[in-house]
Engineer: 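After the C-alpha cells below, expect a handful of questions from me.
Being a predicted model, the structure only gives us computed values, none of them experimental.
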Amino acid sequence: MSTTTAKTVGELAAENPAAQRIFEKLGIDYCCNGSRTLGEACRISGLSPEMVNDALDMAAETARATSSSHNWNEEPLADLIAHIRNTHHQFTRAEVARLVPLFNKVCAAHGTRHPELEEMRQTFAALGHELGLHLMKEEMVLFPYIVRMEEAVVEKTPFPPAPFGSVRNPVAMMVNEHDGAGEALRDLRTASNGYALPADACASYRALYQALVAFEADLHQHIHLENNILFPRAVAMESSR
C-alpha cells in the first residue's frame, strides 16, 4: 500500500486543500468519514487508487504553482475560528434563509409531478434548524473556549475552567452533529438523483438545485475544517498540558 493510500482522506484534505475538489468530484466523503484511509475510500466508491493518486498529484502541483491560501494546520486557532465563522457560518445562515422560501416556491409549482421535492424540502428544513442550533453552540460555547485555551498557551497561564470538563466532550458532540448533517446531505442527493434536473425544470427549479450543490460543497469544507483540523488541534493543545 502506498503512503498516500494509507493516509486518511481527512489528513490528505488537510495537507492539500486542492484534494478537497478532487474528493468532491469523485464523491469521496472527506469530512464526516475523514477517518477512512484513501484505500478504503476508493474501495467503497469503486475507484482505482492509482487514478485517484494521479489526480491528487496533479492537483497538488497546480496548487503549489498558484496557491496563496492559508495553511490552517499552522495558523493560529483564533484565525481559523474567525475564518469558519465569517465564511462558512455566515454562508450557512444566509443560504438556509434563502433556500427555504425557494423550496416552497418550487414545491408549489412542481411538487405534484415531482413528489421527491416535498421529501427534500422537509429534509432541508430539518437540516437548517439543526444547523442553526449547532452554529450557536459552537459560537457561544466551544469556539470562545478554544480561543481562551490558545491565549493561555501563549501567555503561559493555566487553562480557564471549563464547564464541560475536557474539550473532548463538546468536540464529540459537534462531530456527532456533523455526522447527522452529512447524512441529511446524502439524503438530499439521493432523493434528487444526484441533482439531476427533470425536463420540465423551470429557472427556479434550476436555481434551487444549483444552490443545493453549492450548499453541500460548502458544508463539506466547513465540516472538514472543524473535524480534521480545528478539533484535533484543540484536543492536542489541551493534552499538551
Side-chain angles (χ1 to χ4, degrees), residues 7-17 19-20 23-24 27-38 40-41 44-45 70 72-93 95-96 123-124 126-150 159-160 162-189 215-241:
K7 286 187 175 181
T8 69
V9 291
E11 289 173 333
L12 291 168
E15 292 171 1
N16 174 22
Q20 297 159 27
F23 292 153
E24 289 282 352
I28 293 176
D29 180 0
Y30 63 90
C31 52
C32 296
N33 288 305
S35 60
R36 288 174 178 161
T37 66
L38 180 61
E40 291 169 338
I44 290 168
S45 299
H70 294 277
W72 294 121
N73 288 299
E74 298 179 359
E75 297 282 351
L77 293 183
D79 289 355
L80 174 54
I81 286 171
H83 170 74
I84 291 170
R85 290 189 61 168
N86 296 334
T87 303
H88 299 293
H89 284 202
Q90 285 190 16
F91 178 84
T92 297
R93 288 190 171 105
E95 286 300 276
V96 168
T123 298
F124 186 81
L127 173 61
H129 175 73
E130 291 302 319
L131 284 173
L133 298 175
H134 177 86
L135 302 186
M136 183 173 64
K137 284 183 280 190
E138 287 186 335
E139 293 176 358
M140 296 183 67
V141 179
L142 181 55
F143 286 179
Y145 184 77
I146 292 174
V147 170
R148 291 196 296 271
M149 280 178 56
E150 187 172 53
F159 286 148
F164 40 70
S166 169
V167 75
R168 293 176 182 270
N169 295 325
V171 161
M173 179 184 294
M174 295 301 99
V175 169
N176 183 63
E177 293 179 4
H178 287 166
D179 289 345
E183 185 65 32
L185 291 178
R186 287 189 288 274
D187 289 345
L188 286 166
R189 179 167 282 278
F215 188 89
E216 177 188 64
D218 183 83
L219 194 54
H220 282 166
Q221 170 70 2
H222 175 179
I223 292 173
H224 157 68
L225 288 174
E226 294 182 0
N227 279 16
N228 298 327
I229 301 179
L230 175 62
F231 295 163
R233 288 185 62 191
V235 168
M237 180 180 294
E238 181 185 62
S239 300
S240 68
R241 288 292 184 95

Engineer: Provide the closest heavy-atom pair for A234 versus I146 in the form atom of the first, atom of the second, distance.
Structural biologist: CB-CD1, 3.8 Å
Engineer: Quick one about H178 and H134 (side-chain donor to acceptor, distance below 3.5 Å, no hydrogens or angles considered), yes or no?
Structural biologist: yes
Engineer: Counting only heavy atoms not in M173, do more than 12 fall under 6.0 Å of its CE?
Structural biologist: no
Engineer: Quick one, L219 and H222 - any side-chain contact, counting heavy atoms below 4.5 Å?
Structural biologist: yes
Engineer: Any side-chain heavy atom of V147 sitting closer than 4.5 Å to one from E150?
Structural biologist: no
Engineer: Please report the closest heavy-atom contact between Y145 and P160, naming both atoms and the distance.
Structural biologist: OH-O, 3.0 Å
Engineer: Check whether any side-chain heavy atom of Q221 lies under 4.5 Å from a side-chain heavy atom of Y30, and answer yes or no.
Structural biologist: yes
Engineer: Identify all side-chain donor-acceptor contacts of residues 72-80 below 3.5 Å with residues at least two apart in sequence or on another chain.
Structural biologist:
| unit_1 | atom_1 | unit_2 | atom_2 | d |
| --- | --- | --- | --- | --- |
| N73 | ND2 | A14 | O | 2.9 |
| E75 | OE2 | H70 | ND1 | 3.3 |

Engineer: With sequence neighbours excluded, what pairs up with P144 under the side-chain contact (heavy atoms from CB on, under 4.5 Å) test?
Structural biologist: R148
Engineer: State, to 0.1 Å, how close F23 and V9 come at their nearest heavy-atom pair, and which atoms those are.
Structural biologist: CE1-O, 3.6 Å
Engineer: How long is the gap from CG on D218 to NE2 on H89, to the nearest 0.5 Å?
Structural biologist: 10.0 Å
Engineer: Where the side chain of Q20 meets the backbone of A13, is there a donor-acceptor pair that is under 3.5 Å apart?
Structural biologist: yes
Engineer: Say you draw a straight line from CG of L12 to OG1 of T37; how long is it, rounded to the nearest 0.5 Å?
Structural biologist: 9.5 Å
Engineer: May I ask you to test the L142-K137 pair for a side-chain heavy-atom distance under 4.5 Å?
Structural biologist: no
Engineer: Looking at T8 and S35, what are the two nearest heavy atoms and their distance?
Structural biologist: CG2-O, 3.4 Å
Engineer: Quick one: CZ on R186 to OG1 on T123, what's the gap to the nearest 0.5 Å?
Structural biologist: 13.0 Å
Engineer: Does N86 have any side-chain contact (heavy atoms from CB on, under 4.5 Å) partners at least two apart in sequence or in another chain, and if so, which?
Structural biologist: A82, Q90
Engineer: Donor-acceptor pair, distance only, cut-off 3.5 Å: does the side chain of N33 make one with the backbone of R36?
Structural biologist: no
Engineer: CD1 of I84 to OG1 of T92: how many Å apart, nearest 0.5 Å?
Structural biologist: 11.0 Å
Engineer: Is any side-chain heavy atom of I44 closer than 4.5 Å to a side-chain heavy atom of D29?
Structural biologist: no
Engineer: Within 45° of the axis and under 6.0 Å from the centre of the six-membered ring of F159, does NZ or CZ of R241 qualify?
Structural biologist: yes
Engineer: Once you round to the nearest 0.5 Å, how far does CG of N227 lie from NE2 of H220?
Structural biologist: 11.5 Å
Engineer: Can you name the closest pair of heavy atoms from I28 and S45 and give their distance?
Structural biologist: CG1-OG, 4.2 Å
Engineer: Give, for atom CG of L135 and atom CD of E177, the distance between the pair rounded to the nearest 0.5 Å.
Structural biologist: 10.0 Å
Engineer: Tell me, please, which residues at least two apart from S239 pass side-chain contact (heavy atoms from CB on, under 4.5 Å).
Structural biologist: R168, V235
Engineer: Restricting to ring-ring contact (aromatic ring centres under 6.0 Å, His included), what partner residues turn up for F215, sequence neighbours left out?
Structural biologist: F124
Engineer: Using the side-chain contact (heavy atoms from CB on, under 4.5 Å) criterion, which residues pair with N228? Sequence neighbours excluded.
Structural biologist: H224
